[in-house]
Each structure stands twice: as C-alpha cells, then as structure tokens.
Amino acid sequence: MIDLGHLDLRYTFECGQAFRWRRREDWWVGVIGEHVVRLREEEGGIEVASGISKAALRRYFRCEDDLARILNDISRDAYVAGLVKRFAGLRLLRQDPWECCASYILATNANLPRIKNMVETVCLTFGNELDDGLFSFPSPEQILDKAHFAQTCGLGYRCPHFLEFARHVHRGELDFDEIKRMSYAECHAHLKHFDGIGDKVADCVSVFCFDHLEAFPIDVRIGKALEQRYHFTGSYKKLSASSREHFGPYAGYAQEYIYFAEDRENSSAITRPGS
DNA sequence: AACCAGGTCTCGA
DNA sequence: TCGAGACCTGGT
C-alpha cells in the first residue's frame, strides 16, 4: 500500500496523456521503464503489485504537486471550475522523455485507439517481454537494430520521423537532461527542430515529461473548445498565448481536464444518440 | 462507406 | 507569419 496523495487512477489513465495503461479486471496494468506495474485503489491508498520503488512511483505520479492548490489555481472560470469538481483526482504524470517524445511523434493525426495500437505494436516488435504479453517500450538501439521491422507496425507516414528520432537520440543529439533545464519557451523551440515534432507535440512533451506545467497542447478538440467556450481564435501561437495567459502557470492541468471532459462528451454523444 | 483523427510539412502570398 | 493541401491508415 502506498499513499500517492489525491489520485483517481481511472481519470488519470483514461484522459489520454499516457497510452499504455490497461484495465484488467480490478487492476490497472502498465509498464514504467522495465517494470510491470499493477495498481488498485483501496481504502487509504493505492495497492501496488510491482518491483518498482515507491520513490519512482511518487515521481511518476508527480506527488510533489499540491493538487488541491493547483486545481484551485486553474479554476478561473465556471467551466474549468466545474470540471475540476467532476474529475478531481486526475493527475498529470511525469513520463520518460524518450518514450514520451517517441510516442507523441506517433500520435499525430490519429485517434486514441489507433495511437495505442501503434505504441503497443512498437513495444511488441522491439521491446523486452517483461511478463506474459507485457513488453517494455524499446530503447532507440533496440529499434535501430532491426529498423526494417518498423514498416510492419502500421505507423504510416510517421514511420520515417519515428526512426529518425531514434537515430538522433542514439547519436546523443538530444540531451534530455539538458532539455529539462531549459525554460518552457526554449524547450518548445528546441524540440520543434526535429522532424515530426510541431507546436502541438512539443507542447505535449513539454508538459508530460519536461515539467513545464504551463504548456497547453492544442489539438483539434481543444481548439474547438477554446473557440466555443472562450472565443479564442487565431493561429496556434495566438491560441497558446491566450490560453496560458488565461489559465496561468498550471495551464497544462487545465488542458488535461478540458481534453478529458470533451473526449467523454464526444464518446457519450456517439454512444447515446438523440436527446 | 465516408469521414475523421491528441498534426506536421511544404509552399506560396 | 499565416493559410491551404497533401498525407498513411485504421476507428467509428
């Protein structure tokens, strides 16, 4: 049993920030680094079945974030204030930079189910089998050692960007520790130099693995929400500036609550037509 | 059966 | 700096 603070596993894993968590009966099963992790909510904490250290788990779940204070800070309008109440316990995760960047290069112009499939196929093709049917996310070297198999992963036109990114990391052309020391603006600009990383992906990885909680990724759905609910318009750059100004230093948290809410709204509209 | 998807790239104005 | 088109492919 471990106390990870206020945490709702379902909201946190279903909101689309990470692609590899699955519900298996009453456990959430995922892979962090080379560890299979099984988690279950119990009274008074989270039950953990894994060899991973508690410190690593606390780090992954950003336990140093004062969630109550952050949610209070982003509740700057009625819409987000309502979402924060509905989905309290949704936490941002601190993902591994290599895995996060590589995954989000795959996450362009595809829907969530397909993205999950692509990532899972990559793990199955190149990663280490850790447990029955559970694979680690492969290292750049594991991918490059049999790069020709990438064609069989259904990545489409993302494939060359994915492989090229693995090569850049393998050659040491990205220093993730150095990027972590950059400001948000520097981090975002630096990442955009790599093929397959544009404004949106740069923002995703800025907030999901480089600790820039003010980053506010804008995909088509968030763009619609910004227009309809806030009347924000214009280029990505303008929308980004407006959003960060409105939501403040924890804009990334606000973005994730909005994305999750819009996603649920969207899927329930399809599931229950009419009314 | 079309439409669309956690976009990016290239190119012209 | 901005907008328009093309783009792999699988979900829905």
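These numbers were taken from a predicted model, which means no experiment stands behind them. Protein chains get the first letters and strands the later ones, always in sequence-line order, with residue 1 at the start of each.
- Evaluation of the side chain to side chain donor-acceptor pair (under 3.5 Å) rule for A:E227 yields no partner, not counting sequence neighbours.
- Contact check of residues 189-228 of chain A against DNA chain C (heavy atom, cut-off under 4.0 Å) returns no residues at all.
- Residues of residues 87-99 of chain A having a heavy atom closer than 4.0 Å to DNA chain B: none are found.
- For the salt bridge (charged side-chain N to carboxylate O under 4.0 Å, His left out) test, no residue two or more places apart in sequence or in another chain qualifies with A:D219.
- Toward the 5′ end of DNA chain C lies the nearest nucleotide of A:N109, the other residue of the pair A:N109 and A:P113 mapping further downstream.
- What separates CG of A:N111 from P of C:dT12 is a distance of 6 Å, to the nearest Å.
- Stem regions annotated for DNA chain B: B:2-5 with C:9-12, B:7-13 with C:1-7, counting only runs of 3 or more consecutive pairs of Watson-Crick or G-U type with both contacts under 3.5 Å.
- Here B:dT8 presents its P atom at 13 Å from CG of A:L106, a figure rounded to the nearest Å.
- Cation-pi geometry between A:R221 and A:Y259 is met: the NZ or CZ atom falls under 6.0 Å from the ring centre, inside 45° of the normal.
- Each of A:R40, A:E47, A:E41 was checked for a side-chain contact (heavy atoms from CB on, under 4.5 Å) with A:D26, and the lone residue meeting it is A:R40.
- Annotation: proximity of residues 230-251 of chain A to DNA chain C (heavy atom, distance under 4.0 Å) is found for A:S235, A:K237, numbered in ascending order.
- With distances taken from any side-chain atom of A:Y157 to the nucleotides C:dG10, C:dC7, B:dC9, the minimum falls on C:dC7.
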